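Note on naming: letters A, B, ... go to the chains in the order of the sequence lines (proteins, then strands), and numbering restarts at 1 for each one. Just so it is clear, the structure is predicted and the values come from calculations on it, not from any experiment.
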Amino acid sequence: MKGLKRTHRCTELKVTDVGKEVVVMGWVQRRRDLGKLIFVTLRDRSGIIQVVFNSETDPELHAKALQVRSEFVLAVKGTLERRSEKDINPNMETGELEIIASELRILNKSEIPPFHIEENTDANEVLRLKHRYLDLRRPHLQRNLILRHRIAKLARDYYDENGFLEIETPVLTKSTPEGARDYLVPSRIHPGKFYALPQSPQIFKQLLMVSGFDRYMQIVKCFRDEDLRADRQPEFTQIDLEMSFVDIEDVLAINEGFISRLFRELKGIDIPVPLKRLTYAEAMERFGSDKPDTRFGLELVNISDIVAASGFKVFKDAVENGGSVRAINARGAGSKFSRKEIDALGETAKTYKAKGLAWMAVEEDGLRSPIAKFLTEDEISRIKERLDAQPGDLLLFVADKDEIVFDALGHLRLELGEKLGLIDHKRFDVLWVTEFPLLEYDEEEQRWVAKHHMFTAPMDEDIEYLDTDPGRVRSKAYDMVINGYEVGGGSIRIHSQDLQAKMFKVIGLSDEQAKDRFGFMLEAFRYGTPPHGGMAFGLDRLTMLLAGTNNIRDVIAFPKVQTAACLMSNAPDTVEEKQLDELHIKTVIEESEK
RNA sequence: GGCCCGGUAGUUCAGAUGGUUAGAACGCUAGCCUGUCACGCUAGAGGCCGAGGGUUCGAGUCCCUUCCGGGUCGCCA
């Protein structure tokens with residue numbers, strides 16, 4: 001630093017420091033050259049402050065300041081002064097202050113940056129991701145990463161205060177069946193064998209309970225080789241937890257304590273505990289989703305009974321085939337939406353496999369609806385009554401298997417909530433969804449698969465149906481949901497060998513497979529396993545919510561794009577032939593595909 | 001793998017129906033300017049119109065293929 005030592009960050013300078021000699025270091029946000037007077041706004045992670053160079057008082061210094069350009073790295077020594085009243089910039093945190101420079105060191109020059117580094121940049125994201133280190137200079141991203149740090153810090157503090165120990169688990173682990181696709185790492189020492197990167201430290205944290213650590217937490221990277229989404233990256237971070245000698249209530253209580261403290265300390269928002277709870281069944285019935293956004297209404301209404309014997313074949317058949325007919329009353333949308341907009345809603349419904357979207361626009365003197373002619377007066381009036389339909393309302397119907405009805409109407413509900421402006425974006429609705437189904441049927445594989453994971457305990461009263469009616473068995477699993485995002489989830493685990501063996505059997509895992517993949521775990525469970533359970537929060541999603549963004553890339557320092565590539569480092573990339581040889585690997589990709 | 005959207009100076013964009021030398025703003029370079037703060041004024045440089053092929057007398061514009069990126073469905077215990 002050529003002999004200078006920083007005394008303050010830019011916005012640490014306050015009116016009370018006026019008159020002091022200070023040294024600041026940072027990047028040139030902007031240079032304004034007025035001829036004999038040069039203003040430079042200097043930026044560091046705290047913010048910006050104005051530095052003044054005057055040719056009259058110090059021509060040599062002024063000449064040096066002439067060389068300064070955007071993003072140069074400077075050390076500036078000078079006297080902090082209060083600006084005269086007319087020169088105060090009210091839009092700037094340090095707008096009352098400026099540094100009258102007495103020394104200037106150009107610590108480093110900068111090429112002209114590929115995009116202008118400013119808060120509200122409109123530069124293309126591809127360009128910004130290629131130069132992520134520059135994009136990260138923007139206050140917006142700096143704020144997000146600082147927030148992320150605070151969340152992680154608070155998590156460590158909170159769980160530490162509650163007796164949790166942070167223990168690291170391996171990153172090079174063993175591939176286990178079920179769940180997401182694994183990222184694999186070839187072994188040099190064991191030809192033809194592979195490690196898997198953890199999708200979560202699930203088995204290891206359970207084994208830590210067997211070891212008697214009682215309460216474990218870890219802020220840990222997890223890896224899933226699946227396609228990306230706006231809220232999904234192939235590597236992401238969990239706040240991972242496990243506790244011994246607990247039942248559901250203990251786990252929920254400790255974690256809602258965390259979330260309410262998080263909101264109180266970082267957002268100044270009071271989240272009342274205990275949190276609201278919805279069972280999975282109720283969440284689906286009312287919101288068509290297991291992660292409902294409860295900030296607005298537009299709840300689903302079941303009209304199956306009204307139309308079960310209807311002349312409208314679409315409705316009648318759906319009910320007859322074991323499905324249902326459900327509706328949403330989009331209040332006021334009947335008079336607001338054009339035919340084209342209603343058709344667009346139909347397209348949304350079709351995205352989620354609905355065959356169509358039936359609708360009725362309620363008017364003062366009747367109905368506008370393509371399906372009215374198939375329904376009787378009585379059916380229509382009962383439907384209107386159940387949906388509390390008023391003139392101006394738009395009633396939307398989906399008839400199908402429950403699964404499709406919920407999915408289509410659930411997503412339609414979200415679209416309507418947004419379009420009708422029903423969502424208060426300042427609000428945070430935090431709740432638990434409980435009593436998830438233990439299993440779901442995989443049509444493709446023609447077998448039952450675990451909905452959460454295969455170590456999740458069934459609810460005691462449902463164990464009896466494991467053999468006879470697996471779809472009916474509810475589990476001791478729970479998700480935390482905030483504004484329609486699943487921010488965390490967990491379960492009480494199976495700690496009995498017998499029950500675990502039964503679970504493997506139900507999902508079609510043979511004894512040999514179970515032994516081959518989980519033998520070490522099953523063996524461990526023979527030596528005295530405490531009842532235990534836990535959960536994991538998605539740190540990225542929590543940060544997104546608290547930062548008020550809906551893009552996960554905004555809260556990760558070096559994120560990947562939709563093709564799971566890093567535009568900055570160009571990973572993944574080819575490797576030297578020699579490296580492959582050492583790993584006993586031959587690629588079979590055609591030259592043309594490279 | 002499917003569907004939708006985008007790709008034109010360094011950046012953000014404009015370029016109806018195909019038609020001279022592809023424009024603007026910001027940025028950049030140079031000059032002038034003592035209170036700017038998106039400083040101002042003057043002048044200037046800057047383009048393989050993502051890539052390849054085709055149609056045409058003529059393509060940024062039309063067609064095909066392909067690459068890159070975004071959103072989404074499938075996928076994500």
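Pair assignment for U56(B) gives none, since no Watson-Crick or G-U wobble pairing has each distance under 3.5 Å. In this structure, C3(B) and G71(B) make a Watson-Crick or G-U wobble pair, each of the two defining distances being under 3.5 angstrom. Searching all strands for a Watson-Crick or G-U wobble partner of G40(B) with both distances below 3.5 Å returns C32(B). Using Watson-Crick or G-U wobble geometry with both donor-acceptor distances under 3.5 Å, A25(B) finds its partner in U11(B).
Both T351(A) and R224(A) lie close to RNA chain B; mapped to their nearest nucleotides by heavy-atom distance, the more 5′-ward contact belongs to T351(A).
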Practice prompt. Any chance you could list the contact pattern along nucleotides 27-40 of chain B? Use B for base contacts, S for sugar-phosphate-only contacts and - for none, protein heavy atoms under 4.0 Å, 5' to 3'.
Written response: -SSS--BBBBBSB-
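Using cut-offs of 30° and 60° on the angle between ring planes, the pair Y133(A) and H131(A) is perpendicular.
The distance between atom CD of Q238(A) and atom C1' of C76(B), rounded to the nearest whole Å, is 13 Å. Atom CG in D225(A) sits roughly 15 Å away from atom C1' in G74(B) (whole-Å rounding). If you measure from atom NZ of K353(A) to atom C1' of C73(B), you get 7 Å, rounded to the nearest angstrom. Atom CD in E118(A) sits about 12 Å away from atom P in U12(B), given to the nearest Å. For E347(A) and U72(B), the CD to P distance is 18 Å, given to the nearest whole Å. Remark: P of C75(B) and OH of Y352(A) are 13 Å apart, rounded to the nearest angstrom. The interatomic distance linking E444(A) (CD) with G1(B) (C1') rounds to 13 Å, in whole Å. Rounded to an integer number of Å, the gap from CD of E226(A) to C1' of G1(B) is 14 Å.
At a cut-off of 3.5 angstrom, counting only N and O atoms as typed in the model, there is a donor on one side and an acceptor on the other between the side-chain of R232(A) and the base of C76(B).
When all heavy atoms are compared, the tightest approach of S175(A) to L184(A) is CB-CD2, 4.5 Å.
Applying the side chain to side chain donor-acceptor pair (under 3.5 Å) criterion to K560(A), with sequence neighbours excluded, gives E235(A). Remark: P531(A) engages F245(A), H495(A) in a side-chain contact (heavy atoms from CB on, under 4.5 Å) (not counting sequence neighbours). Every side-chain contact (heavy atoms from CB on, under 4.5 Å) that Y352(A) has, sequence neighbours left out, goes to T348(A), D407(A), A408(A), H411(A). Partners of A63(A) under the side-chain contact (heavy atoms from CB on, under 4.5 Å) rule, at least two apart in sequence or in another chain, do not exist in this structure. Partners of E403(A) by side chain to side chain donor-acceptor pair (under 3.5 Å), not counting sequence neighbours: none found. Residues that satisfy the side-chain contact (heavy atoms from CB on, under 4.5 Å) test with T351(A), not counting sequence neighbours, are absent from this structure. Every residue two or more places apart in sequence or in another chain that forms a salt bridge (Lys or Arg N to Asp or Glu O under 4.0 Å) with R326(A) is listed here: E285(A), D402(A). With sequence neighbours excluded, no residue forms a side chain to side chain donor-acceptor pair (under 3.5 Å) with W448(A). For R30(A), there are no side chain to side chain donor-acceptor pair (under 3.5 Å) partners at least two apart in sequence or on another chain.
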Which protein N or O atoms sit under 3.5 Å from an N or O of nucleotides 66-70 of chain B?
{"unit_1": "G69(B)", "atom_1": "OP1", "unit_2": "T563(A)", "atom_2": "OG1", "d": "3.4"}
{"unit_1": "G70(B)", "atom_1": "OP1", "unit_2": "Q562(A)", "atom_2": "N", "d": "2.8"}
{"unit_1": "G70(B)", "atom_1": "OP2", "unit_2": "Q562(A)", "atom_2": "N", "d": "3.0"}
{"unit_1": "G70(B)", "atom_1": "O3'", "unit_2": "R553(A)", "atom_2": "NH2", "d": "3.3"}

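Between C63(B) and U56(B), the two C1' atoms lie 12 Å apart (nearest whole Å). Only the P atoms considered, A16(B) is 24 Å distant from C26(B), to the nearest whole Å. Across the P atoms, G19(B) and A59(B) are found 11 Å apart, a figure rounded to whole Å. Taking atom P in both G60(B) and G50(B), the straight-line distance is 10 Å, to the nearest Å. To the nearest whole angstrom, the two C1' atoms, one in U8(B) and one in C68(B), are 16 Å apart. As rounded to the nearest Å, U61(B) and C49(B) have P atoms that lie 10 Å from one another. Across C75(B) and U12(B), the matching P atoms stand 36 Å from one another, rounded to whole Å. Nucleotides A45(B) and G35(B) are separated by 31 Å at their C1' atoms, to the nearest Å.
No option in R517(A), K451(A), R447(A) other than R447(A) meets the salt bridge (charged side-chain N to carboxylate O under 4.0 Å, His left out) test with E178(A).
Listed in residue order, the members of residues 399-414 of chain A having a heavy atom less than 4.0 Å from RNA chain B come to none.
For an aromatic pair to be called close, the ring centres must be under 6.0 Å apart, and F236(A) with F223(A) fails this.
The glycosidic torsion of A16(B) lies within 90° of 0, placing the base in the syn range.
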